[in-house]
Number of protein chains: 2
Amino acid sequence: MRKKVTLKQLAKELNLSISTVSKSLKNDREISQKTIARVKELAEFYKYKPNALAVSLKSSRTNTIGVILPEILNHFFAKVLNGIEQEASKHGYKILTCISNECYQKEVDYVEMLSNNSVDGLIMSLSQETQITNQLDHIKELKRDNIPVVLFDRINETIDCDKVIIDDKKASSKAMQHLVDSGCKNIAIVTTISNLSVGELRCTGAKKIAEMYDDVSYHMLMINEVADVESIIEEFLTSNAVDAVLGLDETAAAVSVNIAAKMGLKIPEQLSVIGFTDGLLAKYSYPKLSIVSQHAETLGAIATQRLFKRLAMNPSAKNKAVTEIVETTLLLRASTLPVRTTKQL
Amino acid sequence: MRKKVTLKQLAKELNLSISTVSKSLKNDREISQKTIARVKELAEFYKYKPNALAVSLKSSRTNTIGVILPEILNHFFAKVLNGIEQEASKHGYKILTCISNECYQKEVDYVEMLSNNSVDGLIMSLSQETQITNQLDHIKELKRDNIPVVLFDRINETIDCDKVIIDDKKASSKAMQHLVDSGCKNIAIVTTISNLSVGELRCTGAKKIAEMYDDVSYHMLMINEVADVESIIEEFLTSNAVDAVLGLDETAAAVSVNIAAKMGLKIPEQLSVIGFTDGLLAKYSYPKLSIVSQHAETLGAIATQRLFKRLAMNPSAKNKAVTEIVETTLLLRASTLPVRTTKQL
DNA sequence: CTGTTAGCGCTTTCAC
DNA sequence: GTGAAAGCGCTAACAG
């Protein structure tokens, strides 16, 4: 079993010094063409690859970015990860992926683990527990270690760093507005994420619109934890005669649709449905659901670009933190009625 | 902006040598308790963390494993990744995640990228293009670099390395058997992955069973590329009076169900459906689909354990490659009829 | 008990 | 043109 080739070995075999070999491989003009050729040939022969560890240690750049996600089975985060990966790889960067599993302690551990010079920067979305308990020291300490962070989606205002978010409030307003415009009068707002920053914002946005209309009423259905979401929603829909459901997260939307189907409700004739989701439902549901598309992959790409910009910045010129907002799209399909109200001119 | 603390700086500040500091932090019994206490206090104060790069360079262990996946938006791979991550983190390992996007060249690039001492080992599933074109040198060369690989799901028999697979043939046989036993006579086998190793195996398994029965006929519907899967399946179901669909992959299964719903076919009365999928459909469909569960997370965990075992092995005692087989489960739900045939005693 | 030294593999400055 | 030497941060064998 042959060991991995190093500059040293190439040098010995060629009767050259290590530095000459190193320079040759970089086409340093100090070195004669003949030598360069010799070196390259042998390097090629042995398939020499510079030891990434040594290069990083020397240069203090790892070309790696750390990504800490609350979950990966949630399609939204999977898409964000995909966006990050694409963008990172385009720039020759690798990504270290960690999944906090919505758990504060795991998140802390991962931040610790990665802040040992393992990565050049971090992209992360806070775990549910972190947001609920509001423990943020582990993030704030990254500043002291001089490692830049970009927070996305599940952010916290008090942390001074770059952020990329969705305008959740506006998005849910738009969705609610559509329901109202298409004639819905009695709307259920269903959420299983009321304890997350984004959950609150979506709530606020939806309510704001509903409250603008005297003839529109809404019901909030907040479901916590891993309660039996299905039966809660079923019970709710049975005892409340709503004509629309706005699902503020994937679970809420998905379950609502299935329960409606089970109850024999016709969509959209009897029940209009709009869901915050990211393509999963859209792809696998019938009738096709109207959705608030969060452009998760774009979000991932933007977060990555942000981080690259930050990394490229002269650290002394530490500009103020930037918050970028990704616009959502309301994608109307078969699960909602067309707009009925005549807008005033 | 304070720079990251190193042993050197601690040593200077404490008027000790670097090695004494290093040993103190390791509770080396050679060092006096008093010194250990002093060192630890200062280290704590500065939140000293050993530079992972330097440690790795020294020890030639990165505590990182590379994971190369064909896709991440496919729920199956997301689940596998989750399984890998959980298992790895349990052992204090980080994972470098790469997504080949079904593209041979990206896969090659990633293998190159990671085999520069960036990882201790690799877990991967071959990209579609790699399987089709059968170019495998990049994987085989890993052996020369002495970096262990565990291949899962999309494997290749000619590569000498550990493998973790699902018994796809048996799984599809089981599924087909159930359809037959529940009285289906005219069964569509729908696949969009006939060009993958797993696709072929599933095909073979299903056909084998169908062909055992004189009164059962089957139709193969192989859909290639990103053709308009929906219309092809719709057309097929319209012109062929089948009473069951066996979807050999997620797309095939999902689209079949939706089209059936669209066509007004009652499931399972008029059409039984079983799909190879990994919980996605199950979670979001109504009626609940019968599925072949591939236990993706288990698969990921097992692959990781395999890799750890390999890493722990004395390299000179390079045992033969091991192939582990993960059993599937046929999860029967509302989309299939109960078994009708009376089995002979 | 503590310190010196060498070395992991590489880059880079400075001599020759 | 080429090479020697220092150093990135750490560990470990060996001296003292």
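To find a chain, count down the sequence lines: A is the first, B the second, and so on, and within it residues start at 1. As the structure is a prediction and not an experimental result, all values here were calculated from the model.
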Taking only residues two or more places apart in sequence or in another chain, which ones pass side-chain contact (heavy atoms from CB on, under 4.5 Å) with B/Asp162?
B/Val150, B/Arg306, B/Arg310, B/Ala321, B/Val322
Minimal non-hydrogen separation, A/Leu136 against A/Ile159, with atom names:
CD2-CD1, 4.0 Å
Please determine whether a side-chain nitrogen of the Lys or Arg among B/Lys163 and B/Glu324 lies less than 4.0 Å from a carboxylate oxygen of the Asp or Glu.
no
Where does the chain B footprint on DNA chain D start and end, counting 5' to 3' with a 4.0 Å heavy-atom cut-off?
D/dC8 to D/dC14
Could you give all pairs that pass the salt bridge (charged side-chain N to carboxylate O under 4.0 Å, His left out) test and reach residues 99-122 of chain B, with sequence neighbours left out?
A/Glu85-B/Lys106, B/Glu102-B/Arg154
Regarding A/Tyr46 and A/Glu13, do their side chains bring together a donor and an acceptor under 3.5 Å, going by distance alone?
yes
With no hydrogens and no angle check, is any side-chain donor or acceptor of A/Asn74 less than 3.5 Å from a backbone partner on A/Phe76?
yes
In short, salt bridge (charged side-chain N to carboxylate O under 4.0 Å, His left out) pairs touching residues 49-71 of chain A with sequence neighbours left out are A/Lys49-B/Asp145
Anything under 3.5 Å between a donor and an acceptor, one on a side chain of residues 34-44 of chain A, the other on a protein residue two or more places apart or in another chain? List them.
| residue | atom | partner | partner atom | Å |
| --- | --- | --- | --- | --- |
| A/Thr35 | OG1 | A/Ser32 | OG | 2.8 |
| A/Arg38 | NH2 | A/Leu14 | O | 2.9 |
| A/Lys40 | NZ | A/Asn27 | OD1 | 2.8 |

Report for the helix from C/dC1-D/dG16 to C/dC16-D/dG1: angle between first-end and last-end helix axes, five pairs each, rounded to 10 degrees.
60°
Residue pairs involving residues 128-152 of chain A (criterion ring pair (Phe, Tyr, Trp, His ring centres under 6.0 Å); sequence neighbours excluded):
A/Tyr104-A/His138
Side-chain N or O of A/Ser22 closer than 4.0 Å to phosphate OP1/OP2 of C/dT11
yes
Near DNA chain D, counting only heavy atoms under 4.0 Å, which residues of residues 12-21 of chain B show up?
B/Ile18, B/Ser19
Among side-chain atoms of B/Gln86 and B/Glu297, is any donor-acceptor pair under 3.5 angstrom?
no
Could you work out, with salt bridge (Lys or Arg N to Asp or Glu O under 4.0 Å) as the rule, every residue matching A/Lys309, not counting sequence neighbours?
none
How about A/Ser19 and A/Ser22: does a side-chain donor come under 3.5 Å of a side-chain acceptor?
no
Residues B/Ser127 and B/Ser100: side-chain donor-acceptor under 3.5 angstrom
no
Taking atom types as modelled, is there a side-chain donor on A/Asn134 or A/Asn156 under 3.5 Å from an acceptor on the other?
yes
Please tabulate the protein-to-nucleotide N/O contacts below 3.5 Å involving nucleotides 7-9 of chain C, giving atom names and distances.
| residue | atom | partner | partner atom | Å |
| --- | --- | --- | --- | --- |
| C/dG7 | N2 | B/Lys58 | NZ | 2.8 |
| C/dG7 | N3 | B/Lys58 | NZ | 3.3 |
| C/dC8 | OP1 | A/Lys8 | NZ | 3.4 |
| C/dC8 | OP2 | A/Lys8 | NZ | 3.4 |

Residue pairs, two or more places apart or on separate chains, that pass salt bridge (charged side-chain N to carboxylate O under 4.0 Å, His left out) and touch residues 124-140 of chain B:
none
Contact list for DNA chain D against residues 23-39 of chain B - heavy-atom distance below 4.0 Å
B/Lys23, B/Lys26
